[in-house]
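Keep in mind the model is a prediction, meaning the values are calculated, not measured. All values below were derived from every heavy atom in this structure, side-chain atoms included, with hydrogens, water molecules and symmetry-related copies excluded.
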Amino acid sequence: MPLINVRERKRELRNMYKRTRAAMPKALKAELDQRLTERFLGLDEYQSCDTLFAFVSSDIECDTSKIIKNALETNRRVAVPRCLKQRGEMEFYFINSADDLEEGMYGILEPIPSKCERAEDFSRGLCLVPGLGFDLEGYRIGFGKGYYDRFLQRFGGTTVGICYNKCTQSKLPNGAYDKTVDILVTEKFINRRAVKE
């Protein structure tokens with residue numbers, strides 16, 4: 001399939017998943033987020049990790065606030081990303097609390113570099129990966145900026161995508177630079193068949 005068709009199909013799916021999420025009643029979203037949190041916190045991979053690379057969720061994303069809170073309360077190191085727009089990349093910084101965050105690019109809370117230690121070792125750890133949609137092979141539809149695609153190229157630990165079940169499907173279009181996650185967690189199932197190449 002020509003690359004332009006993959007891009008166009010991804011754009012269509014991205015818009016569809018955004019509409020699906022925006023239309024979700026707040027009470028239902030809260031219920032699904034709680035189920036997702038419980039499933040993620042119950043993973044053996046989370047229970048055994050000492051470093052969590054997490055994203056600070058926006059309103060349309062699966063809520064990560066309780067996951068980050070649990071990780072900090074259980075003495076795990078928690079690193080969250082700061083976007084570098086000019087390079088199209090992210091830097092991760094270790095945080096100790098929400099006080100280490102400020103509003104950054106795209107209106108998302110990001111670490112304050114002057115208050116936080118920058119993460120340098122990406123050879124191990126557990127990375128929570130955002131996505132508007134995922135498939136059963138671990139491919140994702142992101143927001144289209146490519147920040148996580150570039151980061152995952154150099155991440156050597158275990159990756160976990162979290163997503164609402166209604167935003168998953170058996171197969172998504174993917175390109176040469178797309179990376180799969182190792183584990184997919186929804187409120188209904190955990191899929192470990194997704195294997196990183």
Side-chain angles (χ1 to χ4, degrees), residues 10-43 46 52-72 78-85 88-93 95 98 100-111 125-136 138-152 155 158-169 172 178-191 194:
K10 282 185 174 184
R11 186 187 66 78
E12 293 169 357
L13 288 166
R14 190 173 292 119
N15 290 336
M16 180 187 76
Y17 289 137
K18 283 181 178 178
R19 288 193 301 271
T20 298
R21 288 162 177 259
M24 192 182 299
K26 286 184 179 180
L28 175 59
K29 184 180 187 306
E31 179 184 334
L32 298 183
D33 285 338
Q34 181 60 33
R35 286 192 214 162
L36 278 166
T37 297
E38 290 169 1
R39 283 190 180 274
F40 178 83
L41 296 180
L43 291 174
Y46 175 71
L52 176 67
F53 295 87
F55 65 96
V56 181
S57 52
S58 64
D59 290 343
I60 201 171
E61 292 177 302
C62 303
D63 183 19
T64 60
S65 62
K66 291 179 182 175
I67 291 172
I68 292 171
K69 183 173 185 286
N70 179 275
L72 290 170
V78 178
V80 298
R82 185 173 185 87
C83 294
L84 306 174
K85 187 175 184 180
E89 296 178 352
M90 299 183 298
E91 291 181 337
F92 278 78
Y93 289 84
I95 62 169
D100 292 338
L101 303 173
E102 64 182 358
E103 187 171 319
M105 286 181 52
Y106 311 111
I108 299 170
L109 291 175
E110 296 184 337
L126 188 66
C127 183
L128 189 57
V129 180
L132 289 167
F134 282 85
D135 73 12
L136 298 183
Y139 285 105
R140 58 188 275 277
I141 296 289
F143 284 87
K145 305 294 184 186
Y147 287 100
Y148 267 88
D149 293 321
R150 283 183 282 275
F151 171 71
L152 293 176
F155 184 72
T158 302
T159 54
V160 182
I162 59 169
C163 189
Y164 302 119
N165 186 66
K166 63 168 52 178
C167 294
T168 63
Q169 57 188 66
L172 287 171
D178 294 329
K179 298 288 286 183
T180 58
V181 293
D182 299 311
I183 304 166
L184 173 62
V185 176
T186 78
E187 75 277 9
K188 291 191 174 181
F189 67 87
I190 295 171
N191 179 24

Taking R21 for its side chain and I60 for its backbone only, find out whether a donor-acceptor pair lies under 3.5 Å. yes
Run the side-chain contact (heavy atoms from CB on, under 4.5 Å) check on L184 and F189 step by step: do they pass? CA-CA 8 Å; L184 173 62; F189 67 87; 4.1 Å; yes
Nearest-0.5 Å distance that lies between atom NZ in K166 and atom CG in L28: 6.0 Å
Whether E110 side chain and C83 backbone form a donor-acceptor pair below 3.5 Å: yes
For G142 versus L132, what's the shortest heavy-atom pair and its separation? O-CD1, 3.5 Å
For residues G133 and C163, report the shortest heavy-atom separation together with the two atoms involved. CA-SG, 4.0 Å
Residues in side chain to side chain contact (heavy atoms under 4.5 Å, CB included) contact with E61, at least two apart in sequence or another chain: F55, S57, S58, P130, F143
Sorted by chain and number, sequence neighbours left out, salt bridge (Lys or Arg N to Asp or Glu O under 4.0 Å) with E187 holds for none
Can you name the closest pair of heavy atoms from P81 and A54 and give their distance? CD-O, 3.1 Å
Under 3.5 Å donor-acceptor, N191 side chain and L136 backbone: yes
In chain order, what residues pass the side-chain hydrogen bond (donor to acceptor under 3.5 Å, both in side chains) check against D59, with sequence neighbours excluded? none
Tell me every residue that passes side-chain hydrogen bond (donor to acceptor under 3.5 Å, both in side chains) with R11, counting only those two or more places apart in sequence or in another chain. E8
Of all residues at least two apart in sequence or in a different chain, which pass the side-chain hydrogen bond (donor to acceptor under 3.5 Å, both in side chains) check with K145? none
Partners passing salt bridge (Lys or Arg N to Asp or Glu O under 4.0 Å) against D63 (at least two apart in sequence or in another chain): none
Holding to ring-ring contact (aromatic ring centres under 6.0 Å, His included), I want the full list of residues that pass it with Y46, two or more places apart in sequence or in another chain. F40
Sequence-distant partners of D149, side-chain hydrogen bond (donor to acceptor under 3.5 Å, both in side chains), two or more places apart: R140
Flag side-chain contact, heavy atom, 4.5 Å: L13 against Q169: yes
How would you list all residue pairs meeting side chain to side chain donor-acceptor pair (under 3.5 Å) that involve residues 26-37, not counting sequence neighbours? K29-D33, K29-Y164, E31-R35, D33-Y164, Q34-E38, Q34-K66
Spell out, as yes or no, whether a donor-acceptor pair under 3.5 Å connects the side chain of D100 to the backbone of I95. no
Just to verify, what does I190 make a side chain to side chain contact (heavy atoms under 4.5 Å, CB included) with, not counting sequence neighbours? R39, L43, I183, V185, R192
Partner set under ring-ring contact (aromatic ring centres under 6.0 Å, His included) for F134, not counting sequence neighbours: none
Heavy-atom side-chain contact between L172 and D178 under 4.5 Å: no
Give the C-alpha distance, both sets of side-chain angles, the deciding distance and a yes or no for side-chain contact (heavy atoms from CB on, under 4.5 Å) between K179 and Y148. CA-CA 9 Å; K179 298 288 286 183; Y148 267 88; over 6 Å; no
Can you list everything that forms a ring-ring contact (aromatic ring centres under 6.0 Å, His included) with F151? Sequence neighbours excluded, please. F92, F122, F155
